[in-house]
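Along the sequence shown, residues carry numbers from 1. For ligands, and for the atoms within them, numbers begin at 1 and follow the listed sequence.
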Amino acid sequence: MRMAPLLGGRGHRRVTRAHNFCAGPAALPKSVLEHAQAELLNWSGRGASVMEVSHRSPAFLEVASQAEATLRRLLGITDDYAVLFLQGGASLQFAAVPLNLSAVGQSVDQAVTGQWSKKALLEGQRFGPVNIAATSEASNFTTVPPQEAWQLDADAAYLHYCPNETIGGLEFGFVPQVEVPLVADMSSTILSRPIDVQQYGVIYAGAQKNIGPAGLCLVIVHHELLGHARAETPAMLNWQTAANNDSMYNTPPTFALYLTGLVFQWLEKLGGLEEMAAINRRKASKLYRVIDESNFYGNPVDPISRSLMNVPFTLADDRFDSIFLREAEQAGLLNLKGHRSVGGMRASLYNAVEEASVDALCDFMQDFEQRQG
Ligand code: PMP
């Protein structure tokens, strides 16, 4: 077992942390977990945990506003945008987007480049006509269609796309240029690198990859796009409700929000998104190099559209899969099984996955290839 020992738990029991490549809920920074652990029973001297105080208490409101302020600094979010912390995951936004942005009967544009944008398409179709502006289904979602080939609808309320497809490991190398509001499901790429928020009308992301624990969904929405929801939109799905109530129309998942604030602080301390991006590029290129230099491993994605965050790979023969997974687990390399819809392996290299974990994975893969290849 090549797991890094650390101190923690009651009476400083030694615990081991695995190299965790889970696609989500994903690894969280160790120092964040240690911080939360240290103050779990007695948060800020209150004799209670952060989970046991009112979400409307001044101390908790400060946690929420600090989380938002840190995120605004990290991503350079101006006052033109509202930052909302919602529930229901990214999946609920597949419905919230059409309800908030399109009138009854109005058409919308959707790019379909993988399983998640396809799910968004299917959900969107419940609410009105959806024009498939681009699709790479014919290539089994291994390419991003160049924008010159897209068929945009001039009357669409917005264009919705997924810049990083978590399952296929496919990432856009460009930001679509459109006349209508651009809506991006950034669940598996947000905070992995700097972005220009001004190019988007709406950005949303489930928290459980680069943001924090599951239970939160971040929505960044331009103020001009608020206030146009369809009349029948439930209050909990109407972004305006959340914006008017500092994301506290009802009880938010307080522990998730608290931990998310700690993750944002960790990122800022690390040097922000430029630094994070450099580390992420290094991690991904190490793993792709091992795949590309071998005759044993393969990755089907067009090299210009490879994801920095999710690296699917296959073995020369799928009869090696179960032994690969068993030996990897014995070596402390966890959650490498590919998504059930595509098979093979997938290593997710989110922000909290340390470079040393990627090194351990690369070493293991090369060793496995030598023994089995
Ligand atoms: N979009 C993308 C790109 C995702 O990766 C996921 C989850 N893996 C979702 C949407 C759905 O997110 P949630 O489980 O938070 O609803």
Can you confirm whether more than 12 heavy atoms, excluding those of Glu354, are under 6.0 Å from its CD atom?
no
For the ring pair Phe313 and Phe296, is the centre-to-centre distance below 6.0 Å?
no
Among Gln115, Gln87, Lys209, which residue places a heavy atom closest to atom 8 (N) of ligand 1?
Lys209
Any chance CG of Asp79 has more than 12 other-residue heavy atoms, nucleotides or ligands included, within less than 6.0 Å?
no
Nearest heavy-atom approach of Leu101 to Gln106 is O-OE1, 4.2 Å
heavy-atom search around atom 16 (O) of ligand 1 in the protein gives Ser91 OG, 2.6 Å
Identify, with sequence neighbours excluded, every residue that meets salt bridge (Lys or Arg N to Asp or Glu O under 4.0 Å) alongside Glu123.
Arg126
Among protein heavy atoms, which lies nearest atom 5 (O) of ligand 1, and at what distance?
Thr166 OG1, 2.4 Å
Give yes if a backbone or side-chain nitrogen or oxygen of Leu92 is under 3.5 Å from a nitrogen or oxygen of ligand 1, and no if not.
no
Given Glu274, Glu275, Glu171, the one that forms salt bridge (Lys or Arg N to Asp or Glu O under 4.0 Å) with Arg193
Glu171
Compute whether any side-chain donor of one residue and acceptor of the other, for Thr70 and Gln265, lie under 3.5 angstrom apart.
no
In terms of atom number and element, which parts of ligand 1 are under 4.0 angstrom from non-hydrogen atoms of Ser187?
1 (N), 2 (C), 3 (C), 4 (C), 10 (C)
Mark up the atoms of ligand 1 that fall under 4.0 Å of a heavy atom belonging to Phe94, in ascending order.
10 (C)
Looking at atom 14 (O) of ligand 1, what's its closest protein heavy atom, distance included?
Gln208 NE2, 3.3 Å
The closest protein heavy-atom partner of atom 1 (N) of ligand 1 is Asp185 OD2, 2.6 Å
Considering the heavy atoms of Cys162, write down every atom of ligand 1 situated less than 4.0 Å from one of them.
3 (C)
Where does the angle between the aromatic ring planes of His222 and Tyr81 fall among parallel (under 30°), tilted (30 to 60°) and perpendicular (over 60°)?
perpendicular
Applying side chain to side chain contact (heavy atoms under 4.5 Å, CB included) to Arg46 and Glu52, what does each step give before you reach the verdict?
CA-CA 10 Å; Arg46 277 172 174 71; Glu52 301 165 299; over 6 Å; no
Quick one: does Gly24 get within less than 4.0 Å of ligand 1, heavy atoms only?
no
For ligand 1, which part of Tyr204 has a heavy atom less than 4.0 Å away: the side chain, the backbone, both, or neither?
neither
For Gln93, state whether at least one heavy atom is located under 4.0 Å from any atom of ligand 1.
no
Ligand-residue contact atoms, ligand 1 with Gly89, heavy atoms, under 4.0 Å
15 (O), 16 (O)
Would you please say whether a donor-acceptor pair under 3.5 Å links the side chains of Tyr350 and Asn310?
yes
Would you say Asn164 and ligand 1 have an N/O pair spaced under 3.5 Å apart?
no
Give me the nearest non-hydrogen protein atom to atom 12 (O) of ligand 1 as residue plus atom name, then the distance to 0.1 Å.
Ala90 CB, 3.5 Å
Looking only at protein heavy atoms, which one is nearest to atom 7 (C) of ligand 1, and how far off is it?
Trp116 CZ2, 3.4 Å
